[in-house]
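Labels below follow one simple rule: chain letters A, B, ... track the order of the sequence lines, proteins then strands, and each chain is numbered from 1.
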Amino acid sequence: MFVYNIIEIGNYRGNIMENKNRVIFHVDVNSAFLSWEAAYRMHLGSSIDLREIPSVVGGDVESRHGIVLAKSMPAKECGIKTGETLYKAREKCPELVIVPPNFQLYIMYSDELIEILKEYTPDIQKFSVDECFLDFTGMEHMYKDPVALAYEIKGRIKKELGFTVNIGISNNKLLAKIASDLKKPDMVHTLYPSQIEEKMWPLPVEALFMVGKATAPKLHRLNINTIGDLARYDRNILKQKFKSFGTMIWSFANGIENSQVRSDSHIDVKCIGNSTTQPFDVKDMETARKVLLFLCETVCLRLRNSKNLCSLVAVSMRNSEFINYSRQRKLDYYTDSTIKVWNIACELFKEGWKGDAIRNMGVRVSKLCSNDFMQISMFDDRNVEKMRALDKTIDNIRMKYGSYAIVRCSFLNSGLNAINGGYRL
DNA sequence: TCTGGGGTCCTAGGACCC
DNA sequence: TCTGGGGTCCTAGGACCC
């Protein structure tokens with residue numbers, strides 16, 4: 001999203017000057033999945049507000065999806081973290097209320113949020129299901145005070161949709177994002193360059209965008225513990241140790257970032273993937289082929305919907321020891337055919353599989369191009385047009401009557417889901 | 001004890017060509 | 001028989017984000 005747009009040190013001043021007049025908001029839904037569950041349940045008349053009790057949105061333990069996806073503030077106070085196992089969460093808080101996720105609902109709320117925001121500016125970049133950037137640059141005649149505007153937007157969302165957001169304001173996306181993360185929930189914060197030293201530098205270095213659990217310990221070994229430590233560190237040493245990533249996080253620590261707010265229509269998708277953890281370990285080729293087929297079904301449906309073709313297919317595996325490995329192949333043609341992608345995925349699995357027990361499998365297609373003109377491989381069989389027509393027919397039936405309206409007979413009585421996941425944040 | 005899913009980008013190492 | 005180096009492409013793996 002920020003793209004790895006490293007500004008060389010010579011442009012440092014220039015960057016500040018360029019950004020000086022920009023007005024960027026970052027809107028972040030507080031504990032999104034949980035807030036949306038709570039808002040929806042209250043809308044249906046529930047007297048319990050999940051946000052006010054220790055609660056989490058979590059997957060199903062039985063089918064090995066048992067992790068925390070979102071937590072309430074009281075759950076956070078018990079020490080519960082997003083991503084940890086429900087087992088651990090329950091240990092920390094025995095009275096914890098766990099509700100299953102409902103991705104359709106989240107997409108609905110996300111769309112409603114965007115509809116409200118669109119009333120204020122057309123320059124919106126949806127960064128994820130619960131976050132987006134807004135650009136108000138050049139709109140000073142309409143909105144004189146950005147902070148007052150943020151309060152108005154925040155208030156409307158709360159009143160009309162029933163959940164709270166944090167809004168961060170600055171003159172670039174990075175600072176706006178860090179601002180929205182400062183203190184939660186239901187708050188508006190500014191983080192202008194003049195406030196970096198006071199508001200951002202005292203924060204732990206982990207609070208910086210792109211500093212995750214692998215990078216943080218490496219920085220600590222260099223005695224870099226706060227964002228300020230990183231900002232003041234020798235940039236050349238960071239470059240030497242971490243390559244371009246080093247100069248990027250150094251720039252971020254100094255508040256330097258100048259990417260544009262890009263509305264969704266200007267963002268080209270780079271890859272489409274679907275992976276799933278099975279309730280049981282896959283130990284034979286026949287089951288693997290079935291799992292790969294339903295993964296390919298959703299991936300290729302989405303590929304065709306995006307009006308793209310792909311020329312790279314990848315298969316990933318995670319075994320029962322939690323070791324990940326993968327296999328990929330570049331094609332010398334482009335395709336969006338379910339059967340074709342599936343055949344390649346099966347070959348890749350066969351080549352790569354080490355014979356171990358597989359808990360998670362994934363299929364991903366990339367190196368996409370528009371399907372406006374389809375270059376049919378010289379060596380393609382003559383059924384290409386027929387296969388495309390078949391895929392299109394199946395897509396139409398599924399979109400009209402639902403995913404399960406038409407199911408391949410190999411899934412009948414197989415104990416597997418014919419269509420998997422496919423929700424897109 | 002149990003550990004999701006959807007993305008983007010970077011890098012090391014090897015193959016291959018000139 | 002033993003020896004270059006530069007460039008590009010591909011694969012596998014891993015980092016980060018939500």
Practice task
Indicate whether the side chain of A:Ser35 and that of A:Asn30 have a donor and an acceptor atom separated by less than 3.5 Å.
Solution key: no
Completion exercise
Atom CZ of A:Phe127 and atom C1' of B:dG6 are separated, to the nearest Å, by 12 Å
Problem - Side-chain touch A:Lys158/A:Asp186, heavy atoms, less than 4.5 angstrom - result: yes
Exercise for the section: For B:dG6, take OP1 and OP2 only and decide whether either is under 4.0 Å from a side-chain N or O of A:Ser275. Expected result: yes
Exercise for the section: Scan A:Arg90 against the nucleic acid and name what it touches under 4.0 Å (heavy atoms): base, sugar-phosphate only, or nothing. Expected result: nothing
Completion exercise
note: A:Phe103, atom CZ; B:dG5, atom C1'; distance rounded to Å ~ 8 Å
Problem - Distance between P atoms of C:dC17 and B:dT3 (Å, rounded) - result: 23 Å
Problem - Dot-bracket notation for DNA chain C, counting Watson-Crick and G-U pairs under 3.5 Å, with | for partners on another strand - result: ....||||||||||||||
Handout entry: Any donor-acceptor N/O pair, A:Ser370 side chain to A:Asp372 backbone, under 3.5 Å
Key = yes
Exercise for the section: Could you list the residues that satisfy ring pair (Phe, Tyr, Trp, His ring centres under 6.0 Å) with A:Phe25, not counting sequence neighbours? Expected result: A:Phe136
Practice task
Would you mind telling me which residue lines up with the more 5' stretch of DNA chain B, A:Asp268 or A:Thr277, judged by nearest nucleotide?
Solution key: A:Thr277
Fill in the blank from the handout: Only residue of A:Lys184, A:Lys154, A:Met187 satisfying side-chain contact (heavy atoms from CB on, under 4.5 Å) with A:Val165 is A:Lys154
Exercise for the section: Using whole Å, report how far CD1 of A:Ile344 lies from P of C:dC10. Expected result: 15 Å
Practice task
Using side chain to side chain contact (heavy atoms under 4.5 Å, CB included) as the criterion, list what pairs up with A:Asp281, not counting sequence neighbours.
Solution key: A:Arg64, A:Lys283, A:Ser320, A:Ala357, A:Arg359
Practice task
Kindly compute the distance separating CG (A:Asp28) from OG (A:Ser180), expressed to the nearest 0.5 Å.
Solution key: 4.5 Å
Exercise for the section: Grab the CG-P distance between A:Asp60 and B:dG4 for me, whole Å please. Expected result: 12 Å
Practice task
Could you work out the separation of B:dC2 and C:dC18 based on their P atoms and round it to a whole Å?
Solution key: 29 Å
Fill in the blank from the handout: Rounded to whole Å, CG of A:Asn30 lies from P of C:dC18 at a distance of 14 Å
Exercise for the section: Report which part of the nucleic acid A:Gly59 touches: base, sugar-phosphate, or nothing (heavy-atom distance under 4.0 Å, all strands). Expected result: nothing
Completion exercise
Given the 90°-from-0 boundary between syn and anti, B:dC2 should be labelled syn
Practice task
Decide yes or no for A:Tyr333 and A:Lys340: does some side-chain heavy atom of the first lie under 4.5 Å from some side-chain heavy atom of the second?
Solution key: yes
Exercise for the section: Quick one: which residue pairs count as a side-chain hydrogen bond (donor to acceptor under 3.5 Å, both in side chains) with a foot in residues 92-103 of chain A, not counting sequence neighbours? Expected result: A:Glu84-A:Lys92
Practice task
Would you indicate whether A:Lys367, at its atom NZ, is surrounded by more than 12 heavy atoms from other residues, nucleotides or ligands within a distance under 6.0 Å?
Solution key: no
Handout entry: Sugar-phosphate, base or nothing in reach of A:Glu131, heavy atoms under 4.0 Å
Key = sugar-phosphate
Problem - DNA chain B contacts made by residues 75-88 of chain A, counting heavy atoms under 4.0 Å - result: A:Thr85, A:Tyr87, A:Lys88
Problem - Student check: side-chain heavy atoms of A:Ile67 and A:Tyr87 closer than 4.5 Å - result: no
Handout entry: side-chain N/O A:Lys177 vs C:dC18 OP1/OP2, d < 4.0 Å
Key = yes
Are any protein N/O atoms closer than 3.5 Å to N/O atoms in nucleotides 11-17 of chain B? If there are, list each pair with its distance.
residue: B:dA12; atom: OP1; partner: A:Lys243; partner atom: NZ; Å: 2.8

Problem - For atom CZ of A:Arg329 and atom C1' of C:dC9, their distance in whole Å - result: 17 Å
Handout entry: Selected nucleotide, minimal atom distance to A:Asn274 side chain, candidates B:dG5, B:dG4, B:dG6
Key = B:dG6
Practice task
Check the pair A:Asn172 / A:Tyr192 against side chain to side chain donor-acceptor pair (under 3.5 Å), numbers first and verdict last.
Solution key: CA-CA 9 Å; A:Asn172 70 39; A:Tyr192 294 114; over 6 Å; no
Fill in the blank from the handout: When rounded to whole Å, the CG to P distance for the pair A:Asn166 and C:dC18 reads 14 Å
Practice task
Determine: side-chain N/O of A:Arg364 to OP1/OP2 of B:dG5, distance under 4.0 Å, yes or no.
Solution key: no
Practice task
Evaluate the ring planes of A:Tyr109 and A:Tyr40, with Trp represented by its six-membered ring, and classify them as parallel (under 30°), tilted (30 to 60°) or perpendicular (over 60°).
Solution key: perpendicular
Exercise for the section: In whole angstrom, give the distance that lies between atom CG of A:Asp332 and atom P of C:dC10. Expected result: 11 Å
Handout entry: B:dT1, syn or anti by chi within 90 degrees of zero
Key = syn
